[in-house]
Structure formats: C-alpha cells, structure tokens
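First comes the structure, then the notes that go with it.
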Amino acid sequence: MTKKFQKISAAAACAATLLLTGCATGPQKFAVSDHTIRSILVVPAVNETTSVDADNLMNAMSTYTLAEGGYYVFPMDTVKYVLEAEGLYEPERMRELGPEKLAQLFDSDSVLFIKILHWDATYAVLNTQTKIIAEYSFFKADGTPIWSDKVTVAYNSNQNNSGGGLIGLIVEATVAAVNRAAPDYRIAAKQINTFAVRNWEPGPYRRVNAQKH
C-alpha cells in the first residue's frame with residue numbers, strides 16, 4: 001500500500017467517523033496512561049459560543065465520562081462553590097489561576113481544562129446535524145502537560161433511518177421538525193467527551209473492578 005493511498009484511506013476513515021461520532025482535528029500527543037493519576041479536577045468549561053447552555057452540558061458530560069472511565073472526578077457543584085469562595089466566578093479567570101494552584105485547592109492529582117469553540121445545529125428537510133468543537137488540555141498537579149486535543153463531533157438526528165416508504169418519510173419529517181425546534185445537544189456532548197478520551201487507559205477504580213471480576 002503506497003503512502004499516498006494510506007493518507008487517502010485515513011482521511012476517508014476520519015470523514016466517515018465524523019458522521020457518526022467525531023474526529024480529532026488537532027494533533028493527539030499521546031494516550032493518557034499515568035497510573036499515578038487517580039483524581040481529576042474538571043475546571044468549568046470556557047464557553048466561546050453564543051449558546052448559554054453549552055458549558056453546563058459539557059461540564060456534566062465530561063465529569064460523567066471520566067467517572068465512568070474509572071477516575072475520581074470532583075463534583076462540578078463543589079468545584080464551582082470552592083472557586084467562587086476564592087472570588088473566581090468566570091471560567092476564564094479560573095484558568096488564569098493555573099493547574100498547580102487549582103490542584104492544590106482540591107488536593108487533586110490532575111486538572112482538565114475544556115474550551116467550547118463551536119456549538120450549533122444545521123437543519124435540512126429530514127435531518128438535523130448537531131456539531132460541537134472543543135479543545136481539551138490535561139495537566140498533572142505540578143503543572144506538567146499530559147495531553148491536549150481539539151475534537152469535533154457531528155451528530156445526525158436521523159442516523160437511525162426509519163425506512164418504511166411514505167410512512168417512514170412522514171415519521172422522519174416529524175422527528176426533523178421536533179429537532180429543528182429544540183435539537184438535543186446531550187447526545188453530541190456525550191459523544192465528544194467519550195471520543196476525546198478514547199485512548200485513555202481505564203482509571204484506577206475501573207481497573208480494580210476489572211481485577212475483581
């Protein structure tokens with residue numbers, strides 16, 4: 001297989017994946033496999049979009065995904081409460097504190113920053129595509145960078161095509177109309193966080209459970 005063909009195949013695979021889940025659009029430095037990391041402080045996401053709900057959904061789905069992967073993740077409500085007590089109300093100002101000081105506040109092994117760059121839906125007659133782009137930066141408690149990535153996810157509302165001739169088209173048109181009125185960003189938010197950590201090793205709590213079984 002020639003190098004040119006390999007590049008074309010990789011690009012095609014990435015494009016196909018994008019339709020279903022997502023695609024890393026920036027360089028993925030390496031997979032996270034540091035077994036000294038047991039706890040993760042997810043700093044409230046910086047929202048650079050016009051969607052007022054984007055940061056809340058990203059915060060919820062990112063902490064859920066990491067906890068599901070076997071890491072202890074500090075509850076977002078607690079994180080906000082502690083940081084606000086320090087006079088930090090805006091995510092941008094929280095980031096300015098730096099990973100070392102943030103980790104010290106919570107006695108955390110690591111700190112994860114998330115920045116939402118794009119959060120929107122495009123509509124067609126029988127389909128709604130929800131697209132999210134986010135940047136991730138992960139640090140050890142001493143400020144050492146571990147991993148960073150820029151991830152894009154595009155979720156199509158009619159991925160499960162109903163078929164069924166005219167009746168199927170009517171159903172699809174109805175679903176599309178509902179999604180047009182209020183697209184469900186929860187699925188896309190979950191997908192982008194799942195895709196972002198796809199090469200992370202299971203966290204310590206998941207490894208322990210796996211050994212028990």
Side-chain angles (χ1 to χ4, degrees), residues 14-26 28 32 40-81 83 90-92 94-95 112-138 147-162 171-200 202-203 205-206:
C14 188
T17 304
L18 178 60
L19 293 175
L20 296 176
T21 52
C23 183
T25 56
Q28 184 188 332
V32 174
I40 300 175
L41 169 65
V42 179
V43 180
V46 172
N47 183 11
E48 295 192 342
T49 75
T50 58
S51 174
V52 295
D53 296 325
D55 51 348
N56 289 330
L57 272 176
M58 281 295 284
N59 292 337
M61 291 303 176
S62 60
T63 53
Y64 172 82
T65 300
L66 293 169
E68 197 175 46
Y71 295 92
Y72 175 77
V73 186
F74 292 85
M76 187 55 64
D77 288 342
T78 302
V79 172
K80 288 182 178 180
Y81 178 82
L83 292 175
E90 301 297 328
E92 291 85 355
M94 296 173 187
R95 289 176 71 121
L112 177 65
F113 293 129
I114 302 174
K115 183 182 292 185
I116 308 167
L117 304 177
H118 182 91
W119 187 282
D120 201 3
T122 55
Y123 309 102
V125 177
L126 297 178
N127 181 44
T128 299
Q129 186 182 76
T130 306
K131 185 177 181 181
I132 301 176
I133 303 174
E135 285 182 346
Y136 297 79
S137 301
F138 194 40
W147 164 86
S148 64
D149 208 351
K150 181 179 178 181
V151 183
T152 298
V153 151
Y155 172 74
N156 293 322
S157 63
N158 69 343
Q159 284 179 10
N160 296 321
N161 195 304
S162 61
V171 171
E172 287 180 8
T174 303
V175 171
V178 172
N179 285 327
R180 183 182 180 88
D184 189 349
Y185 287 98
R186 290 173 299 176
I187 298 175
K190 183 178 180 181
Q191 284 184 341
I192 194 169
N193 285 291
T194 301
F195 193 79
V197 300
R198 65 199 179 280
N199 287 324
W200 288 29
Y205 302 106
R206 190 170 174 185

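In this chain, residues are counted from 1 in sequence order.
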Quick one, [X] and [Y] - any side-chain contact, counting heavy atoms below 4.5 Å?
X      : Y      : result
Phe74  : Ile40  : no
Trp119 : Tyr185 : yes
Leu117 : Thr49  : no
Arg95  : Lys115 : yes
Asn193 : Val197 : no
Val42  : Ile114 : yes

Can you tell me how far apart [atom1] ([X]) and [atom2] ([Y]) are? Round to the nearest 0.5 Å.
X      : Y      : atom1 : atom2 : value
Gln191 : Thr65  : CD    : OG1   : 11.0 Å
Thr130 : Ile187 : OG1   : CD1   : 8.0 Å
Tyr71  : Leu66  : OH    : CG    : 8.0 Å
Ser51  : Leu57  : OG    : CG    : 8.0 Å
Glu48  : Ile133 : CD    : CD1   : 11.5 Å
Met58  : Ile192 : CE    : CD1   : 5.0 Å

Evaluation steps, side chain to side chain contact (heavy atoms under 4.5 Å, CB included), between Val79 and Leu41: CA-CA 8 Å; Val79 172; Leu41 169 65; 3.5 Å; yes
Take atom [atom1] in [X]; do more than 12 heavy atoms of anything else shown fall under 6.0 Å from it?
X      : atom1 : answer
Tyr72  : OH    : yes
Lys131 : NZ    : no
Glu92  : CD    : yes

Under 3.5 Å: donor-acceptor pair, side chain of Asn59, backbone of Ala45: yes
Nearest atoms (heavy-atom pairs only) where Glu135 meets Lys150: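 Shortest heavy-atom separation between Glu135 and Lys150 comes out as CG-CG, 4.0 Å.
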Non-hydrogen atoms of Pro44 and Pro91 that approach each other most closely: O-CB, 3.4 Å
Check against side chain to side chain contact (heavy atoms under 4.5 Å, CB included), Met76 and Thr78: CA-CA 5 Å; Met76 187 55 64; Thr78 302; over 6 Å; no
Ring geometry between Trp147 and Tyr136 (parallel below 30°, tilted from 30 to 60°, perpendicular above 60°): tilted
